[in-house]
Structures are given as structure tokens and as C-alpha cells.
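First the structure, in the form of C-alpha cells, and then the observations on it.
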There are 2 protein chains.
Amino acid sequence: MNIRVLLVDDHPVVRAGLRAMLAGFPGIDVVGEASDGGAALVELSKLHVLGEPVDLVLMDLQMGSGMDGVTATAKIKAGEAGTPPPPVLILTTYDNDADILAAIEAGASGYMLKDAPPDQIRQAVVSAAAGQTALAPEVAARLVGRIRNPMPVLSGREVQLVELLATGMSNRAIARKLFISEATVKTHLVHIYAKLGVDNRTAAIAVATQRRIIRGQ
Amino acid sequence: MNIRVLLVDDHPVVRAGLRAMLAGFPGIDVVGEASDGGAALVELSKLHVLGEPVDLVLMDLQMGSGMDGVTATAKIKAGEAGTPPPPVLILTTYDNDADILAAIEAGASGYMLKDAPPDQIRQAVVSAAAGQTALAPEVAARLVGRIRNPMPVLSGREVQLVELLATGMSNRAIARKLFISEATVKTHLVHIYAKLGVDNRTAAIAVATQRRIIRGQ
DNA sequence: GCGGTAATCAACCAAAAGGTTGATCCACGG
DNA sequence: CCGTGGATCAACCTTTTGGTTGATTACCGC
């Protein structure tokens, strides 16, 4: 029985590339495409009622418009497409802590980088479809590094704070955005500064960007 | 006579996608691939001595490693591949002012976005190979908007300030580093905030990074 | 169940940053 | 030669951040 894959990426070029690449591998069939998370949910449900179940969703995290990959992953895992939730394999361009944490938290089964060689992508697809976890070597190394060196590591919430910091938001704005008090924001910041070895928000952004805790662009 | 295209992108997936997409269009042949700018120059020269000239280079600007697209474009236009310089069409993910300007300055004949529909890409390839300029609608709109409403430009000193800002230095530290008073630093910052349309240093860093006034990462 | 960690909030004070006004000096161009 | 804009500085005041202390809730692992 072949692995039935749904592609989700907002770039037609990338969808064509994945389709062409996966077509070269026996045992893998691309049964659908979608340009964003919302379309993916619709496509999943459509394929389900047609009796053509999807074994694996291959999805980019960053979508230019429409529902983003993290949200879509969470909704798929929650069964909101009206289907038994298939594994979701993230295939994206960047490897930073924030993206990886968000994807795993949302229920992704794997995290691969787009510049991976074709065979690595093939293996990841097969593993993820079989219910296993598939991580790119770069990603795996990051996670192992975190475990080996657990002290200077930011919690998920703290990473989220740093991301908002980097957009230039004030403490008040962050508090409103996260529905918490300014006092809590300040507490988080103090912890973040201590962990990163800095004493102000701009230095925290600089260090977090350099350590690839957040993405610098 | 078909248009002979060389693909340059560090993502195998994207190269496969472009190859598959262009294969569907009559009159266009992909005659080579390269994973970065340096490899592109080598490939160009190799195809030249083989008597298989390239009519168009289709290239991404951001290459993970190796020579970046802007440098490669400039070198191709300077004839450093030992060939009559073919037109270079940029096909990339982002539409930043700085990227567009850099590409055009380096001699690119066009600037398209990867999320463009296949037919738009086809038209751009044909136009660029014919020596015309091909701009994505989003890019054209940006350039026109820039002319109509020119963004205030930071002075050299101000850019220098923003660079130091992004390293996380305090006003006092910046003052000492530049041998000026804190008052002067604050004055510069006020001007910078006004020009960038923000009201604090982190937002200034975010905007400056996004506009590629400084480099992130 | 106990101890650790994460997340939440409050009050307070000190330090830094933000905003305003006004001023001097210098270089460059019409 | 006079205006414009860049770079420099000062005084003053308001707002935001940073640093500390202390406390509650909840979950997780042993």
C-alpha cells in the first residue's frame, strides 16, 4: 500500500518540486495539494469523503497568507478536518528554536529542512507516515544540545516573549497580546535576561538571534 | 530556437520544481543546475565551452552557503564566467526594497517571487530572455510606491547608531564607543525613530532589519 | 505526596530611555 | 552669502524598563 501524501505550501514552485521529487520514489503518491492551512483542512476532508484517505501531510510552516502551518497542524491533530488525524511532517526553510518548539507543540511528527537532499526527505516521509518521528540532523542536534545543556535554555513561554520583544513591542503591548499583566511580562523578562546573560531587551534580542532562538531576518 | 535556462538555487526541492514547471512550457529548456553562485559561474563556463550557450540564468538571491545571488549576478554581468553575459532573472521568496535594489544594481533583468503562478513565471522567463525587464506586480508596485513616497533615508552616522543599537548597547555605551555625549546619542535616536516611524529602540531595530538597513542573523 | 519548575501577579524603587526646546558648528549648493 | 542639513551638546521632564521581594497556582517526576 503506497503512502498517500498531501502537500501544503504557498509556493507553486515548491509544490511542483516536491511532487516531482516524490514521484521518483516508489511507494509514495501525492494525492493532493493546498496553498495554505485552511485549504489543507478542506482538501483533507474532501479526500476523506472520496474514500481517498491521506497518510501524511507535508507542510511548510510559513505561509504568506491564509492559515499558518502551526495553526493548521493543531487543527489537523484536533480532528477538525473530520478525518482520523494523519501525521504532519513539517518541511520548512529555517531551523530555529521558536519554530521547532511551535511545530512540535502543535503535534507535528517531524521537522525537515527544504535544503535536505532528496533521499533524506524520502526517509522522513516514510518514517513519519509509519508514525515515527523524523527530524533533520540539524534539528536533532539542536534538541540534543538543549538536553545536554539544560540550564541556559528558555522555556516555551519565554521564547514566545523574546519573539514579541524582537518585533519592537513594549511590555504593555506584549501583556495585552498575551492576555497577561505587565508584571508577568516583567517577571519573564528578568528570567530571560538572567538566562541569556544580558540586562536589557535589545541585548536579549541580539543574543537570542545569534543563538538562533529566534529568527533574524 | 528554444530558450536555454540555467537554474541556481540551493534547495534541491526548488530546482526540481522549476525544472518540472518549465518542462511543461514549450520553447523553454533547462540545460543546467547549480546550488550557489560560484557553481553557477563554473556551470556557465562549462556549458559555454561545450557549445551549449545559456540564454537565461534563473537565480535565487539568498543562498544558504557559497556565493550569494547578488555577487553572482554582478560577476556574470562582468563576464567573469568567460561567456557573453546572459540575462539574469531573480526568482526569490522576499520582496524587500534592499534586495530588489541590490539585484537591479547588480544587473539583474528581472525580479520575480516564488509564489507567483506558473504562467507569470513563464512570461517573465520569455521576456527576460528577450532582453526585456520582467518585474513581479508586487515588486513593480513597491518601486513605484518608493518613487511616489520616498522613505526618509538614514544618514551614515544614523546607520552606525542603529548598528550599535542592534548589538544591545545602552545609550551610555554607545556614547563612549563613539566619543560623543549621551545627549547626542539621544538626539540621533529621536531622528532615527522619526525616520523609521517608531518610538523605541527595539522597534527601530526590527524595522531597520526588515528594510535591510542593517543585517539580521 | 513532596520538591522543583513554569506561569502568573503585585508593590516598590532606581535607572534608563523617550520627548522637547534650543543652541552651536560646519560643509555644501544654488 | 545665505539656507539647509548633519552632527554635536545641554537642561528638563515624563514614561518605560530593570531589579527585588514575595506570593499563588498548577503540573510533573520520583
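Every chain is numbered from 1 and lettered A, B, ... according to where its sequence line falls, protein lines coming before strand lines.
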Rounded to whole Å, please give me the gap between CD in E158(A) and P in dT8(C). 10 Å
Protein-nucleotide distance (K186(A), atom NZ; dA15(C), atom P), rounded to Å: 15 Å
Nt span of DNA chain D in reach of chain B heavy atoms at under 4.0 Å, 5' end first, is dA7(D) to dA10(D)
So, T167(A) side chain and L164(A) main chain: donor-acceptor pair closer than 3.5 Å or not? yes
Taking only side-chain nitrogens and oxygens of N200(B), does any of them come within less than 4.0 Å of OP1 or OP2 of dG18(C)? no
Going by atom types only, do T184(A) and T187(A) share a side-chain donor-acceptor pair under 3.5 Å? no
Residue met sooner reading DNA chain D from 5', once S170(A) and S181(B) are mapped to nucleotides: S181(B)
Take the protein atom CG of D199(A) and the nucleotide atom P of dA16(C), then report the distance between them rounded to whole Å. 9 Å
Hey, is the side chain of R201(A) poking within less than 4.0 Å of OP1 or OP2 on dA16(C), counting only N and O atoms? no
Assign each of S155(B) and T202(A) to its nearest nucleotide of DNA chain D by heavy atoms, then name whichever residue's nucleotide is nearer the 5' end. S155(B)
Report the nucleotide, chosen from dA16(C), dG18(C), dC9(C), that has the shortest atom-to-atom distance to any side-chain atom of T187(A). dC9(C)
Nearest-Å distance, CG (L154(A)) to P (dA6(C))? 10 Å
Looking across every strand, which nucleic acid part, if any, lies under 4.0 Å from T184(A) by heavy atom: base, sugar-phosphate, or nothing? base
Here the distance between atom P of dG18(C) and atom NE2 of H191(B), to the nearest Å, is 14 Å
For Q62(B) and T93(B), which I'm curious about, is there any donor-acceptor pair between the side chains at under 3.5 Å? no
Round to a whole Å and report the spacing from CG of L178(A) to C1' of dA6(C). 15 Å
Of V126(A), L6(A), V125(A), the one forming a side-chain contact (heavy atoms from CB on, under 4.5 Å) with L56(A) is V125(A)
Under a 3.5 Å cutoff, is there a donor and acceptor pairing between the side chains of S35(A) and D10(A)? no
Go through the steps to decide whether L41(B) and I76(B) satisfy the test side chain to side chain contact (heavy atoms under 4.5 Å, CB included), and finish with yes or no. CA-CA 7 Å; L41(B) 286 171; I76(B) 289 172; 3.8 Å; yes
Output the rounded distance in Å from CD (E182(A)) to P (dT8(C)). 14 Å
Donor-acceptor pair, side chain of N200(B) and main chain of T202(B), under 3.5 angstrom: yes
Take atom CG of L161(B) and atom P of dA17(C), then tell me their distance rounded to the nearest Å. 13 Å
